[in-house]
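To start, the structure itself, in structure tokens.
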Protein chains: 4
Amino acid sequence: MSGVIPPLVTPVDGDGEIDRASVDRLVGFQLDAGVDGIFLGGSTGEVALLDSRRQAELLDVATSAVAGAVPVLAGAIDTGTARVIERARHAVEHGADAVVVTPPFYVQPNGAEITEHYRRVSAAVGAPVVAYDIPSAVGSRLTPDVVAELAESKTVVALKDSSGDLVTFRDITRHRPGFPALTGSELLADVAIDLGAHGLVPGLGNVDPHGYVRLYRAARAGDRVAARAQQERLLDLFRIISVADGARVGFTAGALGGFKAALALRGVIANPATNPPLSPLSADETTRIAAILASAGLD
Amino acid sequence: MSGVIPPLVTPVDGDGEIDRASVDRLVGFQLDAGVDGIFLGGSTGEVALLDSRRQAELLDVATSAVAGAVPVLAGAIDTGTARVIERARHAVEHGADAVVVTPPFYVQPNGAEITEHYRRVSAAVGAPVVAYDIPSAVGSRLTPDVVAELAESKTVVALKDSSGDLVTFRDITRHRPGFPALTGSELLADVAIDLGAHGLVPGLGNVDPHGYVRLYRAARAGDRVAARAQQERLLDLFRIISVADGARVGFTAGALGGFKAALALRGVIANPATNPPLSPLSADETTRIAAILASAGLD
Amino acid sequence: MSGVIPPLVTPVDGDGEIDRASVDRLVGFQLDAGVDGIFLGGSTGEVALLDSRRQAELLDVATSAVAGAVPVLAGAIDTGTARVIERARHAVEHGADAVVVTPPFYVQPNGAEITEHYRRVSAAVGAPVVAYDIPSAVGSRLTPDVVAELAESKTVVALKDSSGDLVTFRDITRHRPGFPALTGSELLADVAIDLGAHGLVPGLGNVDPHGYVRLYRAARAGDRVAARAQQERLLDLFRIISVADGARVGFTAGALGGFKAALALRGVIANPATNPPLSPLSADETTRIAAILASAGLD
Amino acid sequence: MSGVIPPLVTPVDGDGEIDRASVDRLVGFQLDAGVDGIFLGGSTGEVALLDSRRQAELLDVATSAVAGAVPVLAGAIDTGTARVIERARHAVEHGADAVVVTPPFYVQPNGAEITEHYRRVSAAVGAPVVAYDIPSAVGSRLTPDVVAELAESKTVVALKDSSGDLVTFRDITRHRPGFPALTGSELLADVAIDLGAHGLVPGLGNVDPHGYVRLYRAARAGDRVAARAQQERLLDLFRIISVADGARVGFTAGALGGFKAALALRGVIANPATNPPLSPLSADETTRIAAILASAGLD
């Protein structure tokens, strides 16, 4: 649980069916770049929009493409304990090496209930569980106290932090340096490593895995100048998620559509379509994404 | 789509398995009280905490107990379109007459994407769809514009409003008086009927269906004094959801645990347990709920 | 503390100076309509944008125009206790009969600290204090417990509720029917009276005081049909606050600019300008407001 | 506008009157530590709870104690443009070299209106204006676009960032490295400097100015190990703001009460009292603060 582990987008065709050839190419593109793991069916993978058949197909194709080269994490993202266990077992049956699990949502649990949730999921699923802190999606936080209890009891094997809250992240890494804390930040990846992150799970890593691998390796080697240079280039590249017209396209569609459009422009996936009901980007927006790619040296 | 349609709690045993005998008794209790429909596997039914096997078992037992006496609505509550379609078809296969569907959550859709979500769900499922506005759970609203489009295009057959926003509710009922708008409010049910609600979906109706049936019928008959008297008794009864110690028990566990404890005290269900990972109420809290029941004349 | 008490807009010229003639006309317009009090320098009166010199001038001109015909309330709106006392004394010196006070803001107080705030303000100011619940502006609520304590100890003489939360409002009026609870709702004024409101403080009352006076008197006389008819006409009129283009004009500027444009169109005030730094409405937006006025019978 | 510029607490006696001797000692304590400026009447200085008389007295005493040794910034914190101008002129009259100004609050402005607010304040006040981004207090953000416009037009001379959002901070410092960006973060001060911060405005600097001065100088000198060591010691010290029992004391009272209790324990100020209506800390809480000071080497 360390290094660069991009949360892959899920390539689909215009009917929302898994585009198997594109999944295969995307996995190859990532492995060639030297990533240390892949994360399937996470937030960036549009897990919220995939039914169980498509999630299974995605895992089947992708794990077969990975062929054991690196560990495969899979999202088991659902509202409550029994539902998560159902999805987690399904993911493991379809090849996942570990599952990534948020606190319950739709309901409003407290800290003790969140801890109990992870205990039950971990006991029921024969695979490592990664705790996923993503308040923008689930509406609650994994507090340092909850993380400490989950880490100490070995209920979870790692934390994926997409909270945007570096103060809490620093608190966790400082008091528990051996516990793998992964950051979901695209824009403060260099800072997170400096504060003790064991790894990176950047959505933008779909588009430029080579960049994040270089950033990670430079930072680990103590070459801060090189790490900073990569990070700054990636800051500029990240503008692809803001190209979509917010009056026409929702936030998720704009961000994930930006990643997919860039991957299609780079020739990695065949179709930039996001899953229904998300709106597609316009031709003009795609042209602007091409320009951003070019200025980041990715054309 | 009118009258009193309580969103039933889901009775489970200590292992989280469906308590079939209690489901049967609860349905009988509701039908005896004269309800006009029942709603299974909604927010009050802990839908977020039921896996597909339990949801199926709940529907099988309950629809068999209802035996066609009244329409059965079922929640098809999930994060995105394909997932909702999977759950909605499953609900219809297990006997639901209609499905209740929220906007996508976990993701952040805009109005056009929410409309598209309902269009696709409605087209894919061979049953009526009820739109469910519950921002406290899903983080977005069904705006009057979206509701108007869904109603006009007959994409949905009714609205269940649990937003707590009577201004928007009034706007919808005033401009579209023929469209069935149901309120989820326990505490302003009389007001909502006065503003044009076609029906009530009160969680507290689990505990006192007779009270809500009397309230509804009195209001419909123009007897405002009688309706008000029932509503005021029910306002006092609603205190059962606030009995749990908020420092120990999460909000959802406290509210749904309160309903279930009251139903167990009334002898309708066997076990007040909520689903994992929610915390149970204490013996002392249950005693206080008994006192509230007594002062509402329900002992 | 009952009846219709409109929160007057503050007429200014293009330099943000008090337009004394317009203040005079606006007060006359309100008194002619039969209002029961006037509220100066509240949220609708752009109190947040008036310095102490302008607030004094406003009070001087307006209280002189009222000439004792009805009580004059004035906002003493500031972030903390000592600041509120300074403003409240100033308001009383310039003719206010009572002051309207929110919980502290900018800081984050708890319930006990909010209660202490009102105790100190009330003890320091030789005039009645009205508690003002407006979470959209100050970020905290006046809970029923705090209101109960303030009412019982006679620390405040009334509540102005602009929370939009009718459940809490009903809780307060039901348990304390003799305590004057005023609603700030323009759109549920009839409902609020039905639930026990002693009076109305509607921003839209600037534009159509006659309508709110008719609504209030009809509701008090038990003529629900007439009250409802007025309320429905006022619902349509309220669209004037949504005319401004939200991409160009902030929310406050759009709402208050709508009131002022309507008053200018009706010939009551000379200039529709809001205070700096709020953006003005466009000519096209003003034309649309004129159309709404016409369809409400106010041209 | 660079270096360590602590936002001083405002020492008061039990009646909320300025404790002049303690102000004097606190300023001396800071100057001895080598700070580069002092900030009076900011959020940490309880500006929201000081009336104009006390704010004047504070400035008079403190600027006299500073005696020109370092620049003096003063908060001109109020809800709207005219009010801010009134307070800013007052601050300058009482010796401030620059004023610190937030966006309007209580009202809801958009970006253009926020820019206009700063333009008018800057034009009206004969002193440099620092823009203050503190969404937790005012409910809106200073976006990078607004900051860019304010910087480019020289409307403001610096930014004080208390948003907790390092992504935006990095965006601003990267694109405008010559513009003085000061961070309000106590816990990521080392990171902020690394990302381009020109200075620190840490509330905790009241209690341990020597620590922040060492941190700042080490970071500027490129000694990351020493800077990190200071930061980690200060992370532990920051626990003094969390000692207060949240069920008894509001958030602001707990945090500022923690700073003041520590300063009283260190003998710098005479009385740990915060301003009304904030609740005081208990004797037990003060004992725990003493223990934290001791373990940070500050007894």
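Note on naming: letters A, B, ... go to the chains in the order of the sequence lines (proteins, then strands), and numbering restarts at 1 for each one.
A pairwise comparison of heavy atoms in D:Asp51 and C:Ala82 identifies CB-O, 3.7 Å as the closest pair.
Both the backbone and the side chain of C:Ile77 come within less than 4.5 Å of a heavy atom of chain D. Looking at C:Val84, neither its backbone nor its side chain comes within 4.5 Å of chain D, counting heavy atoms on both sides. Interface residue C:Thr102: only side-chain heavy atoms are found under 4.5 Å from chain D. Interface residue C:Arg248: only backbone heavy atoms are found under 4.5 Å from chain D. Proximity to chain D is limited to the side chain of C:Pro104, based on heavy atoms less than 4.5 angstrom apart.
No side-chain heavy atom of D:Thr252 sits under 4.5 Å from any side-chain heavy atom of C:Tyr106.
Chosen from C:Val249, C:Ile134, C:Thr115, C:Ile85, the residue pairing most often with chain D at heavy-atom distances under 4.5 Å is C:Val249. Of the residues considered (C:Ala253, C:Gly250, C:Pro277, C:Gly80), C:Pro277 shows the highest number of contacts with chain D, using heavy-atom pairs under 4.5 Å. Interface remark: of the candidates C:His117, C:Glu116, C:Glu46, C:Glu86, C:Glu86 forms the most heavy-atom pairs closer than 4.5 Å to chain D. Heavy-atom pairs under 4.5 Å with chain C were tallied for D:Val138, D:Leu256, D:Asp78; the largest tally goes to D:Asp78.
Looking only at distances, no side-chain donor or acceptor of C:Asn110 sits under 3.5 Å from a matching main-chain atom of D:Ala247. Proximity of a side-chain donor or acceptor of C:Glu113 to a complementary backbone N or O of D:Ser279 within less than 3.5 Å is detected.
Across C:Leu50, C:Val47, C:Leu49, a single residue satisfies side-chain contact (heavy atoms from CB on, under 4.5 Å) together with D:Arg83, and that is C:Val47.
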